[in-house]
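Below is one structure, written out as structure tokens; comments come after it.
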Amino acid sequence: MWCSLFSSTSHFTIIKCSIPSDNQEFKNPINGNVVKLDLLKSNNNGHHVVTKTSFSPCDETLYNMSQIRQNIPTKKQLVDTYRQGTIVEGAYRQTVVIRSYEVGPDKVATIESILNLLQETALNHVWMSGLLSDGFGATHGMMKNNLIWVVSRMQVQIDHYPIWGEVIEIDTWVGASGKNGMRRDWQIRSQATGLVFARATSTWVMMNQQTRRLSKMPEEVRAEISPWFISKQAIKEENPIKIEKLDDTAKYVLLNLKPKRSDLDMNHHVNNVKYVRWMLETIPDQFLESYQLSSIVLEYRRECGSMDIVQSLCEPDEEGFLKQMDFLSHLVKGHLAIHICLR
């Protein structure tokens with residue numbers, strides 16, 4: 001099945017704020033807006049009390065309290081006990097238990113949960129490297145150059161799905177992809193049996209956070225991440241699948257999809273995992289109830305913002321239909337294209 005996503009408008013707003021002290025006057029509010037916050041404070045007895053604090057948004061300084069709360073490492077770590085993560089032969093390995101909210105009616109992990117776990121372990125890998133700044137996986141050099149990571153392509157192959165309560169191990173590592181990109185791979189397996197459940201690979205590029213345009217990789221960023229590159233691949237793509245374009249004549253169409261606040265991530269656009277749910281909703285229930293998703297190829301072509309209105313188009317891939325249930329999906333206008341295989 002092929003899918004694609006389209007938008008009619010785009011709008012992005014980035015606001016940096018500092019919190020004034022208790023006695024500081026609120027000056028120069030932006031557009032007259034004042035934000036009310038409930039803050040937790042400790043009294044002399046160690047109990048938490050709620051106080052209401054007002055402050056005006058500003059873009060002069062960034063609130064640094066998050067650095068204290070997160071305690072982001074500044075040096076390479078080999079073990080992270082809180083996340084049950086370790087560095088093994090240049091790769092990051094994290095032990096995860098499948099939670100009840102990560103499974104569907106069949107008690108196995110959903111594809112969205114698997115993709116979220118891939119994203120989380122990737123971020124934790126950067127965390128343990130000592131390179132993480134305060135961005136969404138961005139290094140210190142990237143933050144200096146106002147750059148963020150965006151995924152351009154992802155491929156996931158699933159042989160078996162983890163079940164509720166199962167303990168799994170996720171390995172992830174990075175490598176070079178051309179001059180300005182980075183490849184990230186994953187492998188998911190059962191801790192109890194060692195059985196490999198899934199493999200995934202992806203390509204990431206850099207985008208300027210203000211202009212929203214793709215950017216070359218600065219040398220200082222290359223110097224940060226290249227020592228972590230290793231050459232092994234989870235999936236070898238000798239002949240990458242070409243995803244065809246769909247139009248309004250597609251067999252299955254889902255109209256007027258609007259991003260919700262919960263769909264946006266720290267980069268102020270729709271998170272890459274959220275697109276997949278929109279695509280799968282377009283596939284008729286009779287297919288999803290009779291088949292399991294076995295592989296998916298995603299091509300991210302444009303970012304989707306909070307003001308975009310999108311459509312999800314879906315069409316059976318007749319050439320692969322007899323061997324397996326294949327679909328082509330597009331999110332319009334040109335945000336994302338997907339090739340989906342069900343077994």
Side-chain angles (χ1 to χ4, degrees), residues 1-8 98-123 136 150-158 161-162 164 186 188 198 200 202 243 246 250-316 325-343:
M1 189 168 274
W2 297 94
C3 300
S4 61
L5 198 57
F6 295 83
S7 70
S8 54
I98 300 300
R99 312 292 185 179
S100 60
Y101 52 80
E102 294 173 327
V103 302
D106 54 1
K107 297 184 180 180
V108 303
T110 64
I111 183 61
E112 298 99 306
S113 294
I114 291 175
L115 292 174
N116 277 322
L117 287 173
L118 299 184
Q119 178 175 269
E120 181 66 13
T121 52
L123 291 170
F136 201 23
V150 291
V151 59
S152 61
R153 182 178 174 88
M154 178 175 286
Q155 180 179 357
V156 183
Q157 294 179 355
I158 303 176
Y161 280 83
W164 172 40
W186 296 266
I188 303 176
S202 61
I243 305 179
L246 299 181
K251 189 170 184 178
Y252 307 110
V253 179
L254 194 59
L255 302 174
N256 298 322
L257 296 168
K258 189 180 186 303
K260 299 177 182 178
R261 189 185 299 266
S262 59
D263 294 329
L264 306 181
D265 61 23
M266 288 184 277
N267 285 336
H268 299 270
H269 59 204
V270 173
N271 185 265
N272 65 84
V273 178
K274 299 293 184 179
Y275 291 111
V276 178
R277 171 45 52 195
W278 288 342
M279 311 294 256
L280 293 180
E281 289 290 346
T282 316
I283 300 177
D285 290 341
Q286 63 265 30
F287 296 119
L288 295 179
E289 291 171 357
S290 302
Y291 296 87
Q292 269 189 329
L293 187 149
S294 60
S295 69
I296 184 169
V297 178
L298 306 97
E299 291 183 358
Y300 296 90
R301 297 171 178 172
R302 288 177 56 195
E303 64 175 347
C304 182
S306 59
M307 301 300 292
D308 290 341
I309 306 297
V310 301
Q311 302 173 13
S312 181
L313 311 177
C314 194
E315 183 77 21
M325 192 66 65
D326 282 21
F327 292 91
L328 310 179
S329 298
H330 280 261
L331 287 177
V332 227
K333 301 175 177 177
H335 283 290
L336 175 68
I338 296 184
H339 184 268
I340 302 170
C341 297
L342 305 178
R343 64 166 183 265

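These numbers come from the heavy atoms of this one structure, side chains and all, not from hydrogens, waters or symmetry mates. This one's a predicted model, so the numbers in the text were calculated from it and none came from an experiment.
Side-chain contact, Q119 with N271: a donor N or O sits under 3.5 Å from an acceptor N or O.
Shown here are the side chain to side chain contact (heavy atoms under 4.5 Å, CB included) partners of K251, two or more places apart in sequence or in another chain: E315, P316. Applying the salt bridge (charged side-chain N to carboxylate O under 4.0 Å, His left out) criterion to E281, with sequence neighbours excluded, gives R277. For the side-chain hydrogen bond (donor to acceptor under 3.5 Å, both in side chains) test, no residue two or more places apart in sequence or in another chain qualifies with Q155. Annotation: side chain to side chain contact (heavy atoms under 4.5 Å, CB included) contacts of V108 (sequence neighbours excluded): D106, Y161, I163, Q292. Checked against side chain to side chain contact (heavy atoms under 4.5 Å, CB included), K260 has the following partners two or more places apart in sequence or in another chain: S262, D263. Residues meeting the side chain to side chain contact (heavy atoms under 4.5 Å, CB included) test with T121, sequence neighbours left out: Y92, Q94, I170, T172, W186.
Atoms CD and NE2, on E303 and H268 in that order, are 11.0 Å from each other to the nearest 0.5 Å. The distance from the CD1 atom of I188 to the CG atom of L117 is 6.5 Å, given to the nearest 0.5 Å. Considering CG of L264 and NE2 of H269, their distance stands at 9.0 Å, rounded to 0.5 Å. I111 contributes atom CD1, which lies 10.0 Å from atom CG of N116 (distance to the nearest 0.5 angstrom).
Taking the side chain as every heavy atom from C-beta outward, V156 and S295 never approach each other to under 4.5 Å. In this structure the side chain of L254 never reaches within 4.5 angstrom of the side chain of W278, judged on heavy atoms. Counting heavy atoms from C-beta outward, F287 and Y252 have side chains that approach closer than 4.5 Å. Counting heavy atoms from C-beta on, the side chains of I158 and S294 never come closer than 4.5 Å. For the pair L313/T282, no side-chain contact is recorded, criterion being any heavy-atom separation below 4.5 Å from C-beta on. Between S312 and L257, the closest side-chain pair of non-hydrogen atoms falls below 4.5 Å.
A donor-acceptor pair under 3.5 Å links the side-chain atoms of S113 to the main chain of E102, judged by distance alone. Not a single donor-acceptor pair under 3.5 Å links the side chain of T110 to the backbone N or O of V103. A donor-acceptor pair under 3.5 Å is formed between the side chain of Y300 and the backbone N or O of N272. Looking at Y291, its side chain never comes within 3.5 Å of a backbone N or O of C341 through a donor-acceptor pair. The backbone N or O of S306 sits less than 3.5 Å from a side-chain atom of K258, completing a donor-acceptor pair.
Taking each heavy atom of E112 and V273 in turn, the nearest pair found is O-CG1, 3.7 Å. In terms of heavy-atom proximity, I114 sits nearest to A109 at CG1-CB, 4.2 Å. Between L280 and L288, the closest heavy-atom pair is O-CD1, 3.5 Å. I243 approaches R301 most closely through the heavy-atom pair O-NH2, 3.5 Å. Scanning all heavy atoms of the two residues, the minimum distance from C304 to P259 falls at SG-CG, 3.8 Å.
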Go through it in stages, so that I can follow the logic: the residues are Q157 and I296, the test is side-chain contact (heavy atoms from CB on, under 4.5 Å), and I'd like the CA-CA distance, side-chain angles, deciding distance and then a yes or no. CA-CA 7 Å; Q157 294 179 355; I296 184 169; over 6 Å; no
Pair L298-V276, side-chain contact (heavy atoms from CB on, under 4.5 Å): steps then yes or no: CA-CA 9 Å; L298 306 97; V276 178; 3.5 Å; yes
